[in-house]
Amino acid sequence: MATPLSAFLPIQRACVAALLAAVAATLLPAAAPPAAAAADPLVRYHRQHLTWKSCLRGPDDATGKELEQAGARCADVTVPLDYGRPHGRTVTVAISRIRATDGAHRVGALLLNGGGPGGQTIGDPPWVRQAMKDVGARYDIVGVDPRFVGRSTPLDCHWPTGSAFRSAGVDRAGFERAAAFSAELARRCRSWAGDLLPHATTRNTARDMDVVRAVLGERRISYLGYSYGTYLGQVYTSMFPGRTDRVVLDGVISPDRYGPRLLRGVEAANRHALEGWASWAAARDATYGLGRTRGRVLAAVDRVQASAARTPLRIGAHRLDEHVVPVLVLNGLSQDNASAYADLARGVRDLLRAADGRRVATPSPWLADALAFELTGAESAYGSVQTSILCGDVPAPRDPEVYWRDVQRARTRDPLFGPVANGINPCAYWDAPREKPTTIRPDLPALLVNATGDPRTTYAGAEAVRRMWPSSRLVTLRGADQHAVFGVYGSACADAAVDRYLATGRLPERDVTCQAPPR
């Protein structure tokens, strides 16, 4: 569900976005009828005229090409920056749409969110349409880049990284370095995007979604959200009851676990995924040379981390220390398939060579991309938005000693992943959120989907939401360490359950269990 980088550099994107906002503002009705305006200050946004255009932004726009080939069109929706001041400054939200082709059986619009927070979704309608098979023809499938993401008005703190997540290291000195790194990222956000930060929240994203709903002329929308998108779906349905039809939440976040420290508790699932990958790599020692047993492969990973803690590893133009290596390993564990396993195996092989003192001039493609993400500013906007939303939604502890104590406890259980999942982050140095977190409604007839070994949104989160929403149903994929299932993993059982629900609007009579094939 990843999308290519925008062709614009940050400063160019800001200028273009500002121009688009100004142009879009002129498309709003000059004045709503006085009675309507008094009753609903958002009426002028709901009644704005959209200009649908080609999604292609140039010859190198891979996302635009895919959308174009699928018959999608794109538009910019104008929304208030601050919903408390709807007549003030505006921003734009970019959307794409593949129209329903089965008009006689049209259900309505299906809005998508691919997760993050901070992930682009505008490019997702083509593959979602394919995953939906014949059912897709009955929906207008709408990809939405949330505010400040992708093709929408940008927010960029000009970070030297695409992620605020780092390991706290192996000792107190490492923890202090991680804290200083987090404080510097927060300082950059205040400096570069201080005017936008208070408005980067899930509640405002949900409000934007409702403007999109109104502009599309829909009384109710259907929704498919992955990962963080499952939390966004919970917030939207709670803030705007009665405005959703069919809701699918895949990779479910429990609302009581969502916030700046959302990685806490994922250590065991990631350890399980790492062990599964290590068994796979050991069976292919002739190819990757990481060890003939699971234990030896895991020992190789530990050796890499120990070496990086002594002296940063040199790979190409990059230097990898104890704060980055565990994050790279964790990032390689979200997909349970041979291709993802091979990528991680080649990456660990490169890391092991560097740990053994052999310079790796050209890392494998997956590792090269991961290093560019973690150690350059190429994806600064992604990390900036992700962190801004997490910090803007839920307050984080301000005292560094809270994190230090949690890291020390977690380190005894898992010395590799514990200091990542419990480490300090920029939210410790952020201004307090303007609004309280949304109180999620007590019940909703939604279809929940989760793999038992999901390393990101653990299965316990799906179980918690299933208990919270008795009228919902849960599709469980057993035996897979997989994040995101529908249309991604390739489970005919799980995909069919989602497609049946989207086709009929009827949830299964009981929860559905699907079995992943053996590795």
Side-chain angles (χ1 to χ4, degrees), residues 95 97-114 121 124-144 206 209-210 212-227 229-253 440-450 462 465-477 484-489 491-514:
I95 66 174
R97 181 177 66 179
I98 300 177
R99 298 295 298 264
T101 54
D102 185 358
H105 302 95
R106 182 181 180 274
V107 176
L110 176 69
L111 268 63
L112 311 177
N113 183 275
T121 304
D124 288 352
W127 71 260
V128 171
R129 178 69 171 267
Q130 184 176 9
M132 293 172 68
K133 301 182 176 62
D134 293 342
V135 183
R138 300 175 58 189
Y139 284 87
D140 290 352
I141 303 177
V142 182
V144 182
M209 282 177 56
D210 202 57
V212 172
R213 175 202 59 78
V215 170
L216 293 177
E218 303 288 343
R219 186 174 63 87
R220 297 193 300 171
I221 55 171
S222 294
Y223 179 77
L224 169 61
Y226 292 89
S227 191
T230 67
Y231 178 70
L232 173 60
Q234 295 168 50
V235 170
Y236 179 80
T237 56
S238 298
M239 291 179 64
F240 300 98
R243 295 187 187 176
T244 53
D245 182 5
R246 302 165 198 190
V247 175
V248 180
L249 307 181
D250 189 329
V252 186
I253 295 177
I440 302 302
R441 61 185 295 181
D443 196 12
L444 182 77
L447 188 64
L448 316 176
V449 186
N450 227 95
V465 174
R466 175 68 178 87
R467 289 191 297 270
M468 183 177 71
W469 288 350
S471 62
S472 69
R473 295 294 181 268
L474 174 59
V475 178
T476 297
L477 177 63
V485 175
F486 175 66
V488 180
Y489 179 75
S491 168
C493 169
D495 288 359
V498 174
D499 282 334
R500 280 194 299 271
Y501 169 60
L502 291 174
T504 65
R506 294 190 299 274
L507 290 166
E509 291 186 5
R510 58 185 63 86
D511 292 343
V512 176
T513 299
C514 303

Locate the shortest heavy-atom distance separating [X] from [Y]; write the atom from each residue and the value.
X: V135; Y: D499; value: CG2-O, 3.7 Å
X: S472; Y: D443; value: N-OD1, 4.4 Å
X: A494; Y: S491; value: N-OG, 3.1 Å
X: A206; Y: L232; value: N-CD1, 4.0 Å
X: R246; Y: Y501; value: CA-OH, 3.2 Å
X: L249; Y: G233; value: CD2-CA, 4.4 Å

Query raised in the report: Is any side-chain heavy atom of D495 less than 4.5 Å from a side-chain heavy atom of Y489?
Result: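 A side-chain contact under 4.5 Å is absent here.
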Between [atom1] of [X] and [atom2] of [Y], what distance do you get to the nearest 0.5 Å?
X: I221; Y: D140; atom1: CD1; atom2: CG; result: 12.5 Å
X: L110; Y: R138; atom1: CG; atom2: CZ; result: 12.5 Å
X: L447; Y: L502; atom1: CG; atom2: CG; result: 8.0 Å
X: N113; Y: T121; atom1: CG; atom2: OG1; result: 4.5 Å
X: R106; Y: R99; atom1: CZ; atom2: CZ; result: 6.5 Å
X: M239; Y: I440; atom1: CE; atom2: CD1; result: 10.0 Å

Requested in this report: Please assess R129 against T101 for the test side-chain contact (heavy atoms from CB on, under 4.5 Å), listing each intermediate value before the final yes or no.
Outcome: CA-CA 11 Å; R129 178 69 171 267; T101 54; 3.3 Å; yes
Query raised in the report: So R213 and F240, side-chain contact (heavy atoms from CB on, under 4.5 Å) or not? Walk me through it.
Result: CA-CA 11 Å; R213 175 202 59 78; F240 300 98; over 6 Å; no
Report task. Begin from the C-alpha positions of Q234 and V465 and carry the test side-chain contact (heavy atoms from CB on, under 4.5 Å) through to its verdict. Result -> CA-CA 10 Å; Q234 295 168 50; V465 174; 4.2 Å; yes
Any side-chain to backbone donor/acceptor pair from [X] onto [Y]? Under 3.5 Å, distance only.
X: W469; Y: R441; result: yes
X: Y236; Y: T244; result: no
X: T230; Y: D250; result: no
X: Y139; Y: I98; result: no
X: N450; Y: V252; result: yes
X: S222; Y: D245; result: no

Report task. Compute whether any side-chain donor of one residue and acceptor of the other, for T476 and R466, lie under 3.5 angstrom apart. Result ->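 Result is no, nothing qualifies.
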Query - salt bridge (Lys or Arg N to Asp or Glu O under 4.0 Å) partners for R243, two or more places apart - result: D210
Requested in this report: Apply side-chain contact (heavy atoms from CB on, under 4.5 Å) to A131 and list each qualifying residue two or more places apart in sequence or on a separate chain.
Outcome: F486
Requested in this report: Using the side-chain contact (heavy atoms from CB on, under 4.5 Å) rule, take I141 and L112 through it: C-alpha gap first, then chi angles, then the decisive distance, then the call.
Outcome: CA-CA 8 Å; I141 303 177; L112 311 177; 3.8 Å; yes
